[in-house]
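Chain naming here is simple, since letters A, B, ... match the order of the sequence lines and numbering starts at 1 in each.
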There are 2 protein chains.
Amino acid sequence: MAAGSTRPTSRDVARAAGVSQAAVSLVLGDKWRGRVAEATAQRVREAARELGYRPNLAARNLRLGSTRTVLLVVPALTTEFFAGVYTGAARVAADHGFGVVLYPSPEGIGPARDPFASAQAALDGVIASSMAAEALTAIRGDQLPLVMLDSDPAGGTGATTVNLDIRDGVRQTARHLLALGHRRFLHLAADIPSWTFEVRARELARCLAAVPGTELRTASAPLSIDGARTAAETALSAPGPRPTALVCDDDKLAAGAYKAARRLGLRIPGDLSVTGLDDLALATALDPELTTVRLDAELFGERGMQALLAVLESREPAREDIPVTLVVRGSTAPPNAF
Amino acid sequence: MAAGSTRPTSRDVARAAGVSQAAVSLVLGDKWRGRVAEATAQRVREAARELGYRPNLAARNLRLGSTRTVLLVVPALTTEFFAGVYTGAARVAADHGFGVVLYPSPEGIGPARDPFASAQAALDGVIASSMAAEALTAIRGDQLPLVMLDSDPAGGTGATTVNLDIRDGVRQTARHLLALGHRRFLHLAADIPSWTFEVRARELARCLAAVPGTELRTASAPLSIDGARTAAETALSAPGPRPTALVCDDDKLAAGAYKAARRLGLRIPGDLSVTGLDDLALATALDPELTTVRLDAELFGERGMQALLAVLESREPAREDIPVTLVVRGSTAPPNAF
DNA sequence: CGGACGACGTTATACGTACAACTTGCAGCG
DNA sequence: CGCTGCAAGTTGTACGTATAACGTCGTCCG
């Protein structure tokens with residue numbers, strides 16, 4: 001574990017650069033104009049970079065008596081609406097050097113949880129979705145204990161991973177559609193370079209390759225309803241025999257596929273069987289209701305946290321994929337069932 | 001402003017209780033067994049309560065070298081899925097005395113934002129949705145600057161409020177449906193005691209009362225698709241002439257209404273016009289697409305943050321409702337249009 | 001030639017907490 | 001009576017940072 005040596009402080013940087021701690025603070029705080037020579041400032045910045053110095057926020061906050069952080073209390077995280085609220089608030093906050101911390105108001109979290117308890121912040125560890133690739137580099141900068149969600153278990157990061165058994169979900173989906181008699185498949189894939197999506201493609205191809213006479217095409221789409229609609233519409237109007245089964249990387253893409261089918265005059269499931277993955281509320285809002293793979297998000301979160309706790313206490317985290325189940329609804333049927 | 005006197009510290013509590021600061025720390029940290037007399041401990045606790053003492057988390061974190069806080073990086077807040085992940089993680093974390101802070105990975109928040117910047121925490125202020133009523137009492141305990149979203153502007157809290165012009169949204173909806181010729185209305189209302197919902201009911205009633213020959217019934221439903229389905233199904237099968245227009249408090253409820261209509265064999269919009277409020281992705285995933293009121297969530301967030309900044313800098317925050325627009329789609333038509 | 005001033009730093013301190021190490025008074029025991 | 005031991009605290013210190021207040025040296029001007 002890299003947790004051996006303690007994190008460098010501003011004094012360590014000072015020592016390395018041959019100046020006082022105060023000088024480091026001045027330079028790194030951009031208050032050095034006319035107080036520190038350019039050359040010295042350069043030396044300090046270099047030393048800081050070399051040591052991987054990050055200021056201790058607790059100390060800074062204590063010193064400044066302010067945190068430049070704000071709490072956003074939202075009813076729950078269940079709608080796109082408050083995602084937008086967060087985004088807007090965070091943007092303005094960032095412009096003013098503020099941060100925003102989310103507090104989703106308690107819903108089974110515990111009895112009368114104190115909102116402020118969740119905001120003691122500055123971090124001991126990180127749980128990261130593999131879809132949040134953008135943030136990862138910044139995270140690896142620190143030497144924080146890290147747990148990855150749905151990431152390559154053999155990944156180069158060496159981080160602990162907690163995965164849903166997506167492969168099995170895809171396997172169940174393929175088996176179901178094959179059993180119904182489908183042979184011509186279209187895979188509506190998310191265009192995000194993430195292990196969790198790559199594994200879907202790989203496993204679907206593997207399952208179908210095992211059955212002679214099957215055909216698999218792939219269409220790539222952005223992870224939004226309307227992006228998916230466009231991609232599906234294009235793919236479904238391509239020349240050649242039309243696929244009878246459409247396997248979507250998640251429920252949102254499936255919703256887009258429904259819109260595409262509607263536009264092309266295709267009936268679901270008569271002309272086209274559609275499957276999703278996630279089992280969002282959206283899945284049963286569609287008509288017909290969507291056959292999809294149910295993921296237990298809460299369990300996923302719990303396992304992720306447990307794994308992180310294990311790492312923090314330098315225990316061995318459990319290594320076991322979380323099972324998923326196919327929920328068969330009205331969007332799948334035998335092909336050409338008129 | 002209540003920001004006059006600075007927050008009490010453990011030393012203030014000590015002075016008030018006639019003991020040393022260390023004793024306060026022992027008592028409040030539950031480490032006093034066999035070190036402090038029960039009577040003294042009692043006195044300390046009382047003094048703490050009286051002064052409204054809250055430990056300074058920055059100082060505590062600095063002292064302990066640990067924050068018992070963990071970061072959850074999610075791709076975005078746009079799906080129910082990660083809401084579940086958060087809930088599960090937060091539950092386990094709470095059991096271990098940990099907090100969870102959300103970092104929705106950047107999507108237009110700014111160029112290469114540092115995830116950790118958002119986690120310096122301990123708060124200077126709070127932005128709260130009026131729907132998050134549960135958390136409010138805890139918040140009022142502190143004397144933090146508070147901005148309420150969509151709350152009663154004449155509310156007793158005296159907090160700054162930033163509101164969407166929901167009343168105008170309802171007005172536009174009513175006008176649209178009345179112009180189409182509807183006279184028998186059903187209001188599918190959220191069963192959450194919050195100003196933002198109360199105002200919908202009030203304004204809808206007001207609009208319809210102005211037109212002779214109109215009729216308004218109300219059904220109350222939990223804020224979920226399936227809860228709404230049940231409520232709508234019941235209300236629509238009630239005796240008497242069936243309503244021709246169904247006004248829903250938000251898009252999710254509208255999705256439930258679609259399911260109810262499907263079960264009852266009612267065609268939308270032929271037999272029943274339906275409207276929503278929010279304009280979620282869900283709205284265009286429905287068939288036919290939903291006529292709904294578009295709320296600019298990001299702008300809402302921005303205004304909320306700007307208002308909070310104004311309060312923090314003791315400026316006068318702008319007091320102006322955020323405009324909304326009715327988006328007419330396929331779910332509304334003249335009644336009995338066969 | 002004296003001293004004022006700017007450039008370049010340093011020293012010292014405070015923020016509020018948790019806890020290790022020390023003190024004090026009193027009971028009990030050999 | 002002297003000593004141990006325990007209850008009931010207190011004193012002192014460190015966590016890492018930002019910044020006010022202070023040197024020190026050379027230069028330039030009157």
Query - Partners passing side chain to side chain donor-acceptor pair (under 3.5 Å) against B/Ser194 (at least two apart in sequence or in another chain) - result: B/Ser130
Report task. Identify, with sequence neighbours excluded, every residue that meets side chain to side chain donor-acceptor pair (under 3.5 Å) alongside A/Thr9. Result -> none
Report task. May I have the distance from B/Arg7 (atom CZ) to C/dG16 (atom P), rounded to whole angstrom? Result -> 10 Å
Close N or O pairs between protein and nucleotides 11-15 of chain C (under 3.5 Å):
none

Query raised in the report: If you look at every heavy atom in A/Ala48 and A/Val13, which pair is closest and at what distance?
Result: N-CG1, 3.8 Å
Query raised in the report: Pairs in or reaching into residues 9-20 of chain B: which pass salt bridge (charged side-chain N to carboxylate O under 4.0 Å, His left out), with residues at least two apart or in two chains?
Result: B/Asp12-B/Arg15
Report task. Decide yes or no for B/Ile192 and B/Leu223: does some side-chain heavy atom of the first lie under 4.5 Å from some side-chain heavy atom of the second? Result -> yes
Requested in this report: Scan residues 21-44 of chain B for pairs that pass salt bridge (charged side-chain N to carboxylate O under 4.0 Å, His left out), counting only residues two or more places apart or in two chains.
Outcome: B/Glu38-B/Arg45
**Report entry** Note, B/Thr161 side chain near B/Arg319 side chain (heavy atom, < 4.5 Å)
**Finding:** yes
**Report entry** Strand contacts (DNA chain D) in residues 30-49 of chain A, 4.0 angstrom heavy-atom criterion
**Finding:** A/Lys31, A/Arg35
Query raised in the report: Is there a side-chain polar atom (N or O) of B/Ser25 under 4.0 Å from OP1 or OP2 of C/dC19?
Result: no
Query raised in the report: Does a side-chain heavy-atom distance below 4.5 Å link A/Val44 with A/Trp32?
Result: no
